[in-house]
Number of protein chains: 4
Amino acid sequence: MRNREKATYHARREVVLAVARDLFAERGYRATTVRDIADASGVLSGSLYHYFDSKETLIDEILSSYLDELILVYRGVVAEGGDAQSTLARLVAGAFGALDRHRAAGLVLHSERHHLDRLPRFAHLVEREAEIEHIWSAVIERGKTSGELRPDIDGRLTYRFVRDGVCAAARWSCPATELAGQFLALLLDGLRG
Amino acid sequence: MRNREKATYHARREVVLAVARDLFAERGYRATTVRDIADASGVLSGSLYHYFDSKETLIDEILSSYLDELILVYRGVVAEGGDAQSTLARLVAGAFGALDRHRAAGLVLHSERHHLDRLPRFAHLVEREAEIEHIWSAVIERGKTSGELRPDIDGRLTYRFVRDGVCAAARWSCPATELAGQFLALLLDGLRG
Amino acid sequence: MRNREKATYHARREVVLAVARDLFAERGYRATTVRDIADASGVLSGSLYHYFDSKETLIDEILSSYLDELILVYRGVVAEGGDAQSTLARLVAGAFGALDRHRAAGLVLHSERHHLDRLPRFAHLVEREAEIEHIWSAVIERGKTSGELRPDIDGRLTYRFVRDGVCAAARWSCPATELAGQFLALLLDGLRG
Amino acid sequence: MRNREKATYHARREVVLAVARDLFAERGYRATTVRDIADASGVLSGSLYHYFDSKETLIDEILSSYLDELILVYRGVVAEGGDAQSTLARLVAGAFGALDRHRAAGLVLHSERHHLDRLPRFAHLVEREAEIEHIWSAVIERGKTSGELRPDIDGRLTYRFVRDGVCAAARWSCPATELAGQFLALLLDGLRG
DNA sequence: GATGAATGAGGATTCATTCAT
DNA sequence: TATGAATGAATCCTCATTCAT
């Protein structure tokens with residue numbers, strides 16, 4: 001039956017994707033071979049190409065779905081309104097929440113962003129990250145203008161610290177909410193409190 | 001003359017090392033081939049092996065000299081004494097100072113630490129990083145005990161944020177001292193100031 | 001069909017193995033390149049790695065199957081019982097029989113045993129050869145005790161002469177049974193008869 | 001002074017030759033690199049080429065001096081006359097005596113004869129070995145004709161067993177005279193005595 | 001003579017991808 | 001749709017030999 005076939009196809013595609021996610025997270029994108037993924041998925045390497053055009057398509061889907069969610073969440077946070085501080089709080093919470101659901105993507109992005117960014121294939125990653133950076137920077141700059149946040153700290157720089165700190169956190173085994181809490185505390189009030 | 005030859009050898013070795021540093025920084029360790037380095041150094045690939053046993057030796061030397069300096073600097077900072085806040089200030093300054101002189105090492109460590117850590121060849125990196133982590137954690141914990149620093153933030157987690165933030169900063173084109181200043185301000189007092 | 005595919009795979013694997021056997025026999029193990037084997041097998045060099053993990057695996061399989069058969073044959077001979085002389089006769093016959101079916105293995109072992117024995121990968125060869133040496137020595141020593149064989153000749157030394165003589169014989173174009181006959185006559189009664 | 005220089009040159013040449021002998025014996029010809037020899041000789045690799053045209057020249061000299069001596073000894077033995085048995089006894093003694101002074105040559109010849117024989121460069125080895133084989137065969141055939149030796153054993157085959165047995169013996173740590181004695185006893189009267 | 005850096009062809013191995021079945 | 005053998009370019013590394021100094 002047509003539907004059953006479609007469902008099967010989709011189910012297997014998801015299995016492969018999930019396996020790839022795990023392996024990329026564990027070993028890194030480049031260190032994981034297509035055959036590794038096929039073996040761990042219970043299919044043969046040739047069959048992978050029924051589901052995905054290439055290894056790049058695979059990681060692209062993993063990364064894109066992370067960035068898509070991230071952008072969606074961030075846009076939602078900003079749309080909700082509120083002062084800069086509470087917005088930042090919700091951005092941080094959103095960041096760790098998304099990371100929790102896309103650990104592999106966070107890890108790969110953290111480890112291999114530089115490498116991937118050089119490939120034309122992944123130009124759209126750069127664009128998406130630029131939008132994210134813009135959202136954060138805008139919030140911070142608004143806080144500086146309103147006097148909520150100190151004026152002597154660069155928004156873009158701060159975002160970068162945040163971005164890398166969040167991704168790095170994917171490597172640590174610690175509940176997302178706890179990480180988010182500590183991170184926010186540090187970000188807003190610093191070690192001196 | 002003997003001395004001249006030695007000097008030439010050393011000079012060319014340094015050229016190769018510098019070229020490797022640049023390429024590793026730009027493209028990443030794995031994405032840079034031995035031939036890339038040879039080409040850019042103006043020698044044939046086989047000639048590289050006069051200077052370095054292997055590609056791993058090359059990156060090892062780059063990373064080790066960074067971590068060696070880092071440990072030296074950090075030990076000096078701690079030995080100088082002072083309260084936790086001033087110690088942290090000097091640790092941050094030291095971190096950015098060392099990074100400035102070892103940009104490639106910082107970048108590689110940031111991007112490929114996960115991959116390198118899995119190779120037995122680089123077990124010593126893990127050890128060295130553990131010592132560094134210990135130094136930082138101890139300072140933070142001391143500050144918490146003395147009341148200088150807030151007690152609700154985990155020292156090890158904080159160090160990890162710092163470590164990744166600093167390494168990530170190697171990718172940004174911004175003077176080290178400015179980065180250090182912003183970073184320290186953020187670390188101690190947070191965005192709210 | 002599944003079976004057909006398996007059969008094809010196996011058949012081609014055997015082709016590669018046979019080609020490797022011939023080339024190793026003709027040129028020696030080290031002097032034969034993986035590409036030589038691939039070319040002579042009608043595949044590309046990369047394809048060899050579907051069938052064999054490495055060049056070492058290839059020679060290992062060739063040598064192991066020889067030694068396995070040799071040990072099986074020798075154990076059978078000893079289990080059959082009989083006096084020392086008749087046992088020796090059957091050992092010699094068995095040696096030349098196995099050599100006839102594993103000429104390449106005999107040649108490689110003869111020419112490159114010293115080299116291979118130094119590689120950890122081939123430690124098991126040493127063990128297997130030790131067992132073979134033990135079987136032969138035991139038979140000779142038993143003959144000396146029973147008075148069938150002269151007491152002034154060292155069993156281990158004799159076995160070594162036999163081993164190298166047999167392997168060397170693989171290089172000569174002469175029917176195995178004739179070789180075995182001449183060899184046994186020489187071994188038991190010497191040139192003087 | 002001219003003589004002094006010549007003497008020095010000759011002395012160093014001998015050192016290199018001796019070192020090469022030892023390394024070839026220990027590791028085999030192909031497994032020993034020119035640099036290994038240079039290092040162990042206390043010269044630099046480039047300097048080796050003042051003394052020897054090539055690695056092949058080096059092994060050639062080692063092998064040739066062995067075969068030269070062997071031929072000289074064998075010719076002397078035959079020229080001395082005597083019956084076939086005593087001639088054989090002196091041939092065996094001569095073989096082990098020469099082997100004792102040229103262990104490396106014996107080992108290399110044993111392990112890599114097949115490989116070297118394929119190179120045009122070493123065609124003369126084949127010729128020299130043919131002469132040696134001729135000498136031995138002639139003695140054995142003479143013994144068969146005179147009735148001293150049994151007529152059913154092929155002379156050439158016997159010589160081959162001897163040749164390989166002797167070379168193989170170079171690998172065993174056992175005094176040459178003892179080896180010669182055991183070998184001769186086995187050769188003439190066999191295990192049955 | 002002596003040096004030792006430089007050469008460059010050639011070695012084994014890997015792996016994303018293709019395609020006939 | 002699924003298979004899995006085949007591809008072939010690319011990778012790191014080796015080493016006998018040369019040659020400017």
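Just so we're on the same page: letters track the sequence lines, and every chain starts at 1.
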[X] vs [N]: side-chain N/O to OP1/OP2 distance below 4.0 Å:
X: A/Tyr51; N: F/dA2; result: yes
X: C/Ser47; N: F/dA5; result: no
X: C/Arg12; N: F/dA6; result: yes

Both conditions, 6.0 Å and 45 degrees, for the charged tip of C/Lys55 above the ring of C/Tyr49: are they met here? no

When rounded to whole Å, the CD1 to P distance for the pair D/Ile37 and F/dC15 reads 12 Å

Q) Between the side chain of B/Arg103 and the main-chain N/O of B/Ala170, is any donor-acceptor distance below 3.5 Å? A) yes

Q.
Please check: side-chain N/O of B/His50 versus main-chain N/O of B/Arg13, any donor-acceptor pairing under 3.5 Å?
A. no

Assign each of C/Tyr49 and D/Gly46 the nucleotide of DNA chain E bearing its closest heavy atom; nearer the 5' end lies the nucleotide of D/Gly46

Per nearest nucleotide of DNA chain F, the residue lying toward the 5' end, D/Lys55 or B/Asp53, is B/Asp53

Self-check item: Ring center gap for A/His110 and B/His110 short of 6.0 angstrom
Solution: yes

Base, sugar-phosphate, or nothing: which does [X] touch, judged by heavy atoms less than 4.0 Å apart?
X: C/Thr32; result: sugar-phosphate
X: A/Phe52; result: nothing
X: C/Thr33; result: sugar-phosphate

